[in-house]
> 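Have a look at the structure that comes next, please.
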Amino acid sequence: MDQDMVVLARVRLLSANQRVVRGTEGLWIYRLLTQVDSEAYGSKLAYVLVEETRSSLLREMPERRLVLLDEAVEVAKALSPENPYKAKVLARALAARQRELEARPVEPHVSGQDHRAVVPDERRELE
């Protein structure tokens, strides 16, 4: 881990004077700092990842949105069960991912019938 980059990320975080830094800068900061301290920064990373999928820049990029949502789910799952934000950010990430999957157009099945991709119910992980 490049300590200069960690210090730069922390300086940008502190100088932002916001509770959560959003957008590409927030993604960069939280991705880097989550590698240093996943419990302190992981929930914010998951939050910003979900929020970023609503960006107008990603409106026509459903695959990119799904990649970001998958990352958000994985980051949230990796949080310790004792983390007070785990359940909330995991539920938010799973719900956003489910909405994204449900919003996809119906694709014809090989047999000619319409179907949607079957997605396992990941809400069980919240229990």
Side-chain angles (χ1 to χ4, degrees):
M1 179 69 52
D2 184 353
Q3 292 303 312
D4 290 339
M5 294 302 287
V6 171
V7 170
L8 178 60
R10 287 185 171 149
V11 167
R12 285 192 180 173
L13 183 61
L14 291 171
S15 66
N17 198 27
Q18 298 173 349
R19 187 168 177 211
V20 176
V21 179
R22 294 168 171 82
T24 55
E25 183 175 36
L27 287 175
W28 176 78
I29 289 170
Y30 295 124
R31 279 179 173 148
L32 182 65
L33 294 179
T34 296
Q35 294 175 39
V36 176
D37 187 351
S38 61
E39 290 304 311
Y41 299 103
S43 58
K44 288 187 179 185
L45 174 58
Y47 179 88
V48 172
L49 284 162
V50 171
E51 194 171 78
E52 189 65 19
T53 63
R54 298 181 187 136
S55 165
S56 61
L57 297 173
L58 297 177
R59 184 171 292 130
E60 302 299 323
M61 303 171 122
E63 293 305 317
R64 182 68 182 136
R65 287 194 308 267
L66 190 57
V67 167
L68 292 174
L69 291 169
D70 287 343
E71 182 181 353
V73 169
E74 290 306 311
V75 168
K77 284 181 183 178
L79 294 171
S80 165
E82 290 82 35
N83 187 310
Y85 303 107
K86 179 178 182 163
K88 184 176 182 176
V89 296
L90 181 57
R92 186 173 187 260
L94 289 170
R97 185 174 181 275
Q98 186 65 36
R99 280 192 305 274
E100 180 66 32
L101 291 170
E102 289 172 355
R104 290 171 176 254
V106 175
E107 298 176 12
H109 189 266
V110 176
S111 68
Q113 297 175 355
D114 289 344
H115 78 284
R116 290 189 188 266
V118 176
V119 179
D121 186 7
E122 293 176 320
R123 287 175 279 193
R124 287 175 274 148
E125 295 178 28
L126 293 175
E127 298 172 355

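Worth knowing before you read on, the calculation uses all heavy atoms, side chains too, and leaves out hydrogens, waters and symmetry mates.
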> Are L79 and L32 connected in a single hydrophobic cluster, I mean Ile/Leu/Val/Met/Phe/Trp/Tyr linked by side-chain heavy atoms less than 4.5 Å apart?
no
> Kindly give the heavy-atom pair with the smallest separation between A16 and V21, and that separation in Å.
CB-CG2, 3.5 Å
> Group every Ile, Leu, Val, Met, Phe, Trp and Tyr by side-chain heavy-atom contacts under 4.5 Å, then state whether L27 and V50 land in the same group.
no
> Heavy atoms, side chains only, cut-off 4.5 Å: are R10 and V36 in contact?
yes
> CG of L49 to CZ of R92: how many Å apart, nearest 0.5 Å?
10.0 Å
> Any idea which heavy atoms bring R19 and K44 closest together, and the distance?
O-NZ, 2.9 Å
> Taking NZ, NE, NH1 and NH2 as the nitrogens, is one of them in R104 or E63 under 4.0 Å from a carboxylate oxygen of the other?
yes
> Quick check: closest heavy atoms across R65 and R59, and the distance to 0.1 Å?
NH1-O, 2.8 Å
> Decide whether V48 and L68 are clustered together by the hydrophobic rule: side chain heavy atoms of Ile, Leu, Val, Met, Phe, Trp, Tyr closer than 4.5 Å, transitively.
yes
> Do you know the tightest heavy-atom contact between T53 and L58?
CA-CD1, 4.1 Å
> Where do K77 and L90 come nearest, in terms of heavy atoms and distance?
CG-CD1, 3.9 Å
> Let me check something: do V89 and L94 share a hydrophobic cluster, defined by ILVMFWY side-chain heavy atoms less than 4.5 Å apart, either directly or through other members?
no
> Could you state the interatomic distance from CH2 (W28) to CG (L33), rounded to the nearest 0.5 Å?
7.5 Å
> Would you mind checking if E102 and R99 are paired as a salt bridge, meaning a charged N to carboxylate O distance below 4.0 Å?
no
> Do you reckon Y41 sits in the same ILVMFWY cluster as L8, going by side-chain contacts under 4.5 Å, direct or chained?
yes
> For a quick test of reading the model, state the closest non-hydrogen atom pair linking S43 to Y85 and the distance between them.
CB-CB, 3.8 Å
